[in-house]
Structures are given as C-alpha cells and as structure tokens.
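Have a look at the structure below before the remarks.
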Amino acid sequence: MRGRLLRTLEESYGGRIGRGPSHPFRVLVSCILSQRTREENTERASRSLLSAAPTPRALSSLPLPRLKKLIRGVGLADQKARRLKETAKLLLEKHGGRVPGTREALMELPGVGPKTADVVLCYGLGKPAIPVDTHVNRISKRLGLVRKEAGLEEVRETLQRLFPVEKWHLINRGLVLFGREVCLPRYPRCGRCPMAGVCPSEGKG
DNA sequence: AAAACGGGGGC
DNA sequence: GCCCCAGTTTT
C-alpha cells in the first residue's frame with residue numbers, strides 16, 4: 001500500500017511539487033488566511049495584505065479596520081485579522097521580527113495550530129514536517145494507513161513513521177492534490193482513482 | 001468531544 | 001438553500 005501510494009503520487013503529481021523553502025513570514029500569513037477557506041479565495045487577500053504589510057513590523061502597525069478590508073473575501077475574517085495582527089506583534093516582541101523555527105514556539109502564536117505550524121516548518125523553513133489537514137486526515141483513514149478513530153496527532157505520528165523523511169514533501173503536496181481532485185470528501189471519484197484495487201474504502205462513498 | 005467562527009463557490 | 005473549504009480556539 002505504501003509503495004503503491006508513493007508511486008501514484010509521484011506519477012500523478014510529481015511534476016507539480018515545488019522545491020525548497022519560501023519566505024517563512026509569507027507562508028505564515030498565507031496559511032492563516034487559508035484556514036477553512038478555498039485556496040482561490042485566499043490568493044487575492046494574501047497578495048493585497050502582503051503587499052501592504054510585507055513585514056511583521058508593518059503588519060503589527062496596520063490598523064485593524066484596514067487589515068480587515070485588505071483580506072476581504074476570506075472566511076473568518078474578523079478572527080484572522082485580530083490573530084494576524086497579534087501574531088505580528090509577538091514576532092516583533094519575542095522573536096526579533098523573525099518567524100521562530102520550532103513547532104512549540106510557532107504554536108504559541110495566535111492563529112497557529114498544529115497544521116499551520118507544520119506548514120511553516122515544511123514550506124517556509126524547509127524543515128521536515130507533515131501538516132495534517134482535512135485532506136490528509138481523510139485519505140489516510142480511507143486508505144487504511146491510520147485507524148479511523150485516530151486524532152490529528154496520531155495521524156501525524158503514524159504518517160511520519162510510515163514514510164521516509166525524503167518522501168514527506170511528496171506526501172504533503174500529493175495527498176492534498178489527490179484529495180482535491182480524486183479522493184473528494186463527499187463523492188470520491190473511485191471510478192478514476194489510481195489507487196483502485198488496493199483501497200479498502202473503494203466504492204464506499 | 002463539541003461548538004463557534006464565516007464569506008464564497010459548487011450543486 | 002445546503003454543504004464544504006490545506007483549522008484554531010473556546011467551552
């Protein structure tokens with residue numbers, strides 16, 4: 001199952017996997033904006049906010065009403081505006097204006113939970129991490145990699161144990177694309193799924 | 001463990 | 001209209 005999954009992800013999405021860390025502050029801001037919101041709706045807000053406030057200092061001094069306007073379009077906007085501003089302030093006061101490089105420090109920032117912390121580590125700082133979102137959670141359970149009752153922490157630990165660290169990036173990006181295009185939440189497209197034949201949940205909706 | 005936050009797009 | 005979205009925080 002593991003080998004089959006890695007092969008599938010590599011063949012289907014290998015060409016679409018970017019490499020190397022990007023700007024950690026931008027990853028952090030974009031990731032908070034993207035919570036419970038489709039990526040298409042996030043991009044405009046993310047661009048306008050980051051061009052108005054490209055640094056923690058700029059973001060922390062942005063008036064809340066203006067911040068809210070800049071990110072209009074994303075869900076949970078009031079919450080996100082407050083958390084983004086508070087997080088920027090903490091980056092400035094406690095981390096010298098830098099994004100901290102440990103999971104523990106990241107998760108002390110408002111709006112940063114386990115998933116966002118792992119996204120920053122992985123995509124922002126190029127450190128090994130597997131962010132567990134709804135896609136990764138759902139697919140891991142459908143494929144039988146993780147028991148259905150598992151919480152997010154158990155899913156994360158199991159995946160990290162199951163796959164060699166050099167494959168984590170493929171797992172991260174591949175599972176999300178797979179979940180968005182084939183293994184859909186409600187009506188998975190089992191008919192055209194490359195895992196058909198080995199998936200224990202095939203045809204079970 | 002469950003509820004609350006939330007606008008936008010697909011069906 | 002109803003459901004879901006690369007979750008986090010509070011109850």
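Just so we're clear, the structure is a prediction, and the values are computed from it rather than from any experiment. All chains are named by letter (A, B, ...) in the order of the sequence lines, taking the proteins before the strands, and each is independently numbered beginning at 1.
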Quick one, A:Arg83 with A:Glu86, criterion salt bridge (Lys or Arg N to Asp or Glu O under 4.0 Å). Give me CA distance, side-chain angles, the key distance, then yes/no. CA-CA 5 Å; A:Arg83 291 173 180 171; A:Glu86 187 57 28; over 6 Å; no

Is there a salt bridge (Lys or Arg N to Asp or Glu O under 4.0 Å) between A:Glu10 and A:Lys167 once you walk through the steps? CA-CA 10 Å; A:Glu10 181 60 50; A:Lys167 298 294 183 186; 5.4 Å; no

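For A:Lys68 (side chain) and A:Ala81 (main-chain N/O), no donor-acceptor pair under 3.5 Å exists by modelled atom type. Proximity of a side-chain donor or acceptor of A:Thr102 to a complementary backbone N or O of A:Ala105 within less than 3.5 Å is detected. Using modelled atom types, one side-chain atom of A:Arg138 and one backbone atom of A:Cys183 make a donor-acceptor pair closer than 3.5 Å. In this structure, the side chain of A:Arg36 does not engage the main chain of A:Gly75 through any donor-acceptor pair within 3.5 Å. Checking side-chain atoms of A:Lys127 against main-chain N and O of A:Tyr123 turns up no donor-acceptor pair under 3.5 Å. Distance alone, capped at 3.5 Å, is enough to place a donor-acceptor pair between the A:Asn172 side chain and the A:Ala129 backbone.
Considering only the side chain of A:Arg186, C:dC4 comes nearest among C:dC4, C:dG7, C:dA6. Listed candidates were C:dA6, C:dC5, C:dG7. Nearest to the side chain of A:Gln35 is C:dG7.
Looking only at side-chain heavy atoms (C-beta outward), A:Ile171 and A:Leu6 come within less than 4.5 Å of each other.
Only the P atoms considered, B:dC11 is 14 Å distant from C:dA6, to the nearest whole Å. Using atom P as the reference point in both C:dT11 and B:dG6, the two lie 14 Å apart (nearest Å). When the P atom is compared between B:dA3 and C:dC4, the two are found 15 Å apart, to the nearest whole Å. One C1' atom belongs to C:dT8, the other to B:dG9, and the distance between them is 23 Å to the nearest Å.
Remark: P of C:dC3 and CZ of A:Arg36 are 14 Å apart, rounded to the nearest angstrom. In this structure, OH of A:Tyr123 is placed 13 Å from P of C:dA6, rounded to the nearest angstrom. Between the P atom of C:dT8 and the CG atom of A:Leu33 lies a distance of 13 Å, rounded to the nearest Å. A:Ile130 has its CD1 atom 18 Å from the C1' atom of C:dG7, to the nearest Å. We find that CZ of A:Phe178 is positioned 15 Å from P of C:dA6, with the value rounded to whole Å. With rounding to whole Å, A:Asp133 atom CG is found 9 Å from C:dG7 atom C1'. Residue A:Arg138 contributes atom CZ, which lies 10 Å from atom P of C:dG7 at whole-angstrom precision.
Using a cutoff of 4.0 Å between basic side-chain nitrogens and carboxylate oxygens, A:Arg180 and A:Glu39 are scored as salt-bridged.
Applying the salt bridge (Lys or Arg N to Asp or Glu O under 4.0 Å) definition to pairs two or more places apart or across chains, none involves residues 88-98 of chain A. The list of side-chain hydrogen bond (donor to acceptor under 3.5 Å, both in side chains) pairs with a residue in residues 41-52 of chain A, not counting sequence neighbours, reads A:Ser30-A:Ser46.
Residues passing the side chain to side chain donor-acceptor pair (under 3.5 Å) test with A:Ser34: none are found, sequence neighbours excluded. The side chain to side chain donor-acceptor pair (under 3.5 Å) search around A:Thr37 returns A:Lys80, not counting sequence neighbours. Residues passing the salt bridge (Lys or Arg N to Asp or Glu O under 4.0 Å) test with A:Arg147, sequence neighbours excluded: A:Glu149, A:Glu154. Applying the side chain to side chain donor-acceptor pair (under 3.5 Å) test to A:Thr87 and every residue at least two apart in sequence or in another chain returns nothing. Residues satisfying the side chain to side chain donor-acceptor pair (under 3.5 Å) test with A:Arg38, not counting sequence neighbours, are none.
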Write out a two-atom table: protein N or O, nucleotide N or O from nucleotides 9-11 of chain C, distance below 3.5 Å.
from: C:dT9; atom 1: OP1; to: A:Gly111; atom 2: N; distance (Å): 2.7
from: C:dT9; atom 1: O4'; to: A:Arg83; atom 2: NH2; distance (Å): 3.4

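Between A:Thr116 and A:Thr37, the residue whose closest nucleotide on DNA chain C is further toward the 5' end is A:Thr37.
The nucleotide range of DNA chain B contacted by chain A, defined by atoms under 4.0 angstrom from heavy atoms of the protein and reported 5' to 3', is B:dC5 to B:dG9.
Of the residues in residues 60-75 of chain A, those lying under 4.0 Å from DNA chain B by heavy-atom distance are A:Gly73, A:Val74, A:Gly75. Contacts between residues 38-53 of chain A and DNA chain B, defined by a heavy-atom separation under 4.0 Å, are made by A:Arg38, A:Asn41.
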The dot-bracket string of DNA chain B, counting Watson-Crick and G-U wobble pairs with both distances under 3.5 Å, using [ ] for crossing pairs and | for pairs to another strand, is |||||.|||||

